[in-house]
Amino acid sequence: MTLSATLAELVRDFRANGRIVIVGASLAGLRGAEALREEGFTGSLTIIGDEPYEPYDRPPLSKQVLKGWVPADHTALPRFREVEAQWRLGVAAIGLDRATKQVRLADGEQVPYDRLLIATGTRARQWPDPAEAALEGVFSLRSRDDAARLQQALAARPSRVLVIGGGFIGSEVASVCRELDIPVTLTERGSAPLVGALGGVIGEIAAQMQRDHGVDLRCGVSVASLEGDAAGHVRRARLSDGTTVEADVVLAALGSIRNVEWLQGSGLAAGFWGVGCDAGGRAFDINGVVTDSVYVAGDVARAPHVLYEYQFLAMEHWDNAVFGAEVAAHNMVNLEPHYRPHLLLPGFWSGQFGVNIKSVGVPPFADEIVFTQGSVKDRCFAAAYGRRGRIVAAVTFDHGKWLEYYAHLIEESAAFPPPPPGWDRPDVMKPVPAEFPAPGVPTAIPDVVLTGHDPNERRAEFRPRGH
Amino acid sequence: MAEETPWQQALRYANRADPYPFYAELRKTPVARQPDGTYVVSTYREIVTLLHDPRVSSDVRKLPARAPAPAEPGAEPITEAVIELEPNIITCDPPEHDHDRRTMTRHFFGPPHAPHQISDLEPDIRRIVAGLLDGMRGKTRIDVVDEFAYPLPVTLICKVLGVPLEDEPRFHAWIETALDALDFGPEAASEEMRSRLAGARRSVKELAQFMSGLLGQYAERPGPGMLSAMVHDGGPDGRMSEGVLVSNAVLLLFAGHETTVNLIAHSVLTLLRHPEALEELRRRPDLIVPAVEELLRFESSVQFWHTRSAVEDIDIAGTTIPAGAPIFLVYGSGNRDPERFTDPDRLDLERPDNEHLGFSQGIHFCFGAPLARLEVQAAVGEFVRRVENPRLVVDPPPYRHNQIFRGPRHVLVDIDGIRD
Ligand SMILES: Cc1cc2nc3c(=O)[nH]c(=O)nc-3n(C[C@H](O)[C@H](O)[C@H](O)COP(=O)(O)OP(=O)(O)OC[C@H]3O[C@@H](n4cnc5c(N)ncnc54)[C@H](O)[C@@H]3O)c2cc1C
Ligand code: HEM
Ligand code: HEM
């Protein structure tokens with residue numbers, strides 16, 4: 001047989017008889033499994049997840065669920081096809097042995113694989129003081145159970161909610177509180193909410209929006225400690241500026257931590273920003289050598305991106321999990337030259353204070369911003385982000401219909417500032433500094449991060465950032 | 001005489017039944033400058049790109065009056081003469097567009113917390129369709145346009161807006177007169193078309209006066225429907241001015257049925273030309289939802305749109321559209337673009353990934369699409385189910401004159417009966 005015939009036979013055999021294991025039974029895990037079957041993989045498929053639930057969707061948790069419109073247990077992800085997998089739910093993977101190709105589970109079982117997809121995502125960073133974090137009324141928000149508990153607490157009409165951290169989740173929860181007419185204080189260590197993700201110019205608009213809706217917004221301060229009453233229920237917070245906030249519900253919205261601990265000792269390039277992989281989802285080992293049998297997708301993956309100087313991009317976004325999983329699945333059951341790259345332009349959406357915020361590209365990569373369409377006063381506008389004369393990102397407030405145009409410009413690395421629109425021009429169309437916090441300035445960690453060129457993050461800072 | 005461009009040929013009345021070979025020729029130059037300075041865009045990708053480009057305006061006030069055709073030196077520019085209406089949402093840009101469309105949306109779909117206004121119309125739609133089909137009992141030959149496609153949309157849009165159905169003969173005549181005069185092709189300069197224009201002007205004016213009168217009545221005495229609601233409550237964006245209100249009311253009345261009539265008529269015609277598809281649909285009634293999308297792709301009710309222009313120079317597909325140039329987006333051609341749709345001239349009721357341009361895209365995406373879909377699905381679905389052994393009598397059928405709102409004037413069909 002010729003070599004290429006042998007390889008083709010190999011692929012056919014693997015698709016029929018191979019063993020694939022997916023760790024992480026959420027968005028990326030499920031969509032990866034569906035894509036594998038769609039690609040014609042008929043071998044054995046095992047999906048391991050430490051949560052007891054079938055895969056569910058997280059974005060509604062901070063929106064419709066908290067408002068009480070949708071119960072937390074009605075968030076199951078729609079299934080697009082039968083996956084015929086062995087589901088191992090409620091049990092965590094605690095180790096990976098790449099030599100014997102086995103995943104070790106918390107219950108002692110060893111699950112062998114030929115190819116592995118890592119989709120373990122992230123978890124919420126908890127309030128750093130364990131005793132304070134254990135007070136009743138202190139929450140974080142990542143899982144269905146978290147959302148159910150927080151929803152109950154809000155439904156009981158607390159006298160005040162304190163949200164610590166002005167990232168997307170913190171801001172969305174503050175918005176829900178105002179919609180439910182619950183007093184809310186939001187503290188943000190940076191100069192404004194969303195400043196890490198969208199910069200100071202947009203952050204200032206977000207801040208004004210919060211204040212207009214009655215949020216007691218405190219920027220440039222951090223929470224020093226939480227205090228409870230005799231019954232162990234949280235009652236107040238002491239802030240770094242010496243003031244106190246009386247609140248009986250506290251949400252720590254401090255960003256997330258990648259679930260990589262179980263990979264310790266596996267020799268994979270796993271670290272603070274996730275597991276390094278190539279643009280096709282193939283994991284790197286600690287020496288920067290790409291592996292053949294281990295793939296990564298979703299929030300836990302970081303991969304070099306052609307549009308951003310090949311820096312490793314870590315994205316905590318819904319569509320990144322879906323497309324990344326589809327690409328990884330394709331590459332798991334194909335060989336060169338049939339590999340596909342995952343070249344998604346990052347994108348997200350958020351609903352808060354009645355405004356639909358959307359973005360494409362990587363805003364923190366930019367040094368300048370220019371308003372391009374609409375009116376800041378009406379909170380209905382588009383703005384483009386530039387770096388050294390080319391457009392790298394865009395954001396819209398209630399102007400999402402135009403995002404595609406900017407996505408197109410970003411993909412083409414078009415000039416910044418972009419040409420003026422034909423109508424609905426903002427009052428000022430001069431690029432100004434985008435005002436992203438300098439590295440090291442404490443703020444909410446943005447959910448799209450360029451993490452340098454090193455697959456292995458050896459120089460990355462591992463110190464957890466508490467508030 | 002210079003040879004005619006593919007676009008000019010596509011616009012000739014003789015080619016109304018089948019403009020597609022000319023579109024195929026046209027697509028060889030995705031953005032094609034015409035002798036009158038108009039840029040005609042015929043490929044899917046370029047249409048979509050321009051639909052999302054904020055340098056493209058839909059505002060007719062920014063559109064230079066087209067040069068009068070050479071056959072009529074000194075003729076008045078058409079734009080102001082015909083359209084004495086203020087801009088409506090289809091002919092203006094943000095922010096006006098966004099404000100006014102939001103206001104209209106409130107009254108069309110209901111307030112955000114009760115968004116059922118459209119689906120609540122379904123029983124009405126089903127009753128009207130059933131009545132029309134029942135009325136064909138005992139007949140052996142029907143005209144699908146006059147007896148079936150026209151009455152449903154017009155009854156509904158009157159109900160939705162609150163326009164008395166008794167006025168239908170009057171506004172129907174005005175709209176037909178205006179539509180028959182609208183011509184963007186080489187035949188516009190003919191004696192015949194020029195004489196139609198005068199009538200068209202009068203008709204559009206009368207239509208506007210009629211609307212204005214109706215809105216005036218509602219201002220004094222509120223009544224049912226969207227027009228009265230718009231007169232009395234502008235919502236958070238404030239009330240529209242009188243002139244803008246009239247213009248949008250005319251738009252809704254007109255857009256609310258002309259397009260839908262043509263789609264129903266074309267759907268029946270197309271299915272009768274594709275007996276396998278008709279049979280498939282009869283066997284699997286659930287197919288009606290994707291089927292209507294495919295039928296709209298196949299025979300687009302809005303073949304192109306004519307009010308756009310470039311505000312800045314736009315580089316696209318190897319051409320620069322200069323600032324000020326009118327731009328025609330030819331949806332009917334983009335929907336047959338083989339670069340986007342595999343085997344585009346084949347009718348495939350289950351076509352995957354059918355993101356057609358029949359309702360456009362971007363901010364001017366059809367406002368009435370949910371209503372139109374509901375109507376056409378019900379009408380075509382029931383026609384297929386109930387009409388026994390339908391056969392086309394004349395193929396191709398005679399077409400209406402209008403090039404944008406392209407549709408058959410009559411579709412004669414012989415039938416064996418009407419099932420229950
Ligand atoms: C409240 C909230 C709101 C959001 N809103 C938006 C939004 O509006 N727009 C947007 O784009 N994105 C939003 N996101 C982000 C989006 O939900 C994530 O990008 C997406 O869930 C990522 O999917 P994933 O499968 O990669 O990771 P995850 O959803 O984090 O799933 C990883 C799974 O793996 C499990 N796991 C971890 N470690 C192990 C182990 N060792 N063994 C077994 N299982 C393990 C985890 O428990 C989890 O079930 C939001 C997220 C949250 C929490
Ligand atoms: C099959 C039926 C229909 C088709 C194919 C259709 C098609 C279209 C298209 C292509 C446009 C965009 C024009 C442009 O390029 O700017 C449009 C806009 C519009 N349509 Fe429809 N339409 C249909 C039915 C309706 C109905 C039933 C209504 C009213 C209830 C309606 C109201 C409108 C309005 C108001 C606009 C302007 C929207 C804007 O500019 O924001 N249409 N339609
Ligand atoms: C409701 C608002 C409408 C606006 C703003 C509008 C816009 C326009 C514009 C800008 C032109 C000029 C195109 C050109 O010369 O290139 C035009 C032409 C025309 N329109 Fe409309 N249209 C509208 C509604 C209608 C309606 C409802 C009808 C008839 C039912 C109609 C009939 C015509 C006619 C007859 C012409 C002349 C075409 C020609 O010979 O060039 N218009 N329209």
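Convention: sequence-line order gives letters A, B, ...; per-chain numbering from 1.
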Between atom CD1 of B:I363 and atom NE2 of A:H399, what is the distance when rounded to the nearest 0.5 Å? 8.0 Å
If you look at every heavy atom in B:H52 and A:K401, which pair is closest and at what distance? CD2-O, 3.5 Å
Measure A:P418 against the heavy atoms of chain B and call it side chain, backbone, both or neither at under 4.5 Å. neither
Might you point out which heavy atoms bring B:P95 and A:D424 nearest each other, and give the distance in Å? CD-OD1, 3.1 Å
Checking B:V48 against chain A: side chain, backbone, both or neither under 4.5 Å from a heavy atom? side chain
In this structure, are over 12 heavy atoms from other groups packed under 6.0 Å from A:E412 atom CD? yes
Here the gap from B:L50 atom CG to A:Y405 atom OH, rounded to the nearest 0.5 Å, amounts to 10.5 Å
Write down the atom of B:R55, the atom of A:P421, and the distance for their closest heavy-atom approach. CG-CA, 4.3 Å
Around atom CG of B:D343, are there more than 12 heavy atoms of other residues, nucleotides or ligands at under 6.0 Å? yes
Counting only heavy atoms closer than 4.5 Å, note whether B:D98 contacts chain A via side chain, backbone, both or neither. side chain
Please determine whether the number of non-hydrogen atoms from other residues, nucleotides or ligands lying under 6.0 Å from atom CZ of B:R45 exceeds 12. no
What's the shortest heavy-atom distance between A:W423 and B:V56, and which atoms? NE1-O, 3.0 Å
Is the shortest heavy-atom distance from the side chain of B:P54 to the side chain of A:Q373 under 4.5 Å? yes
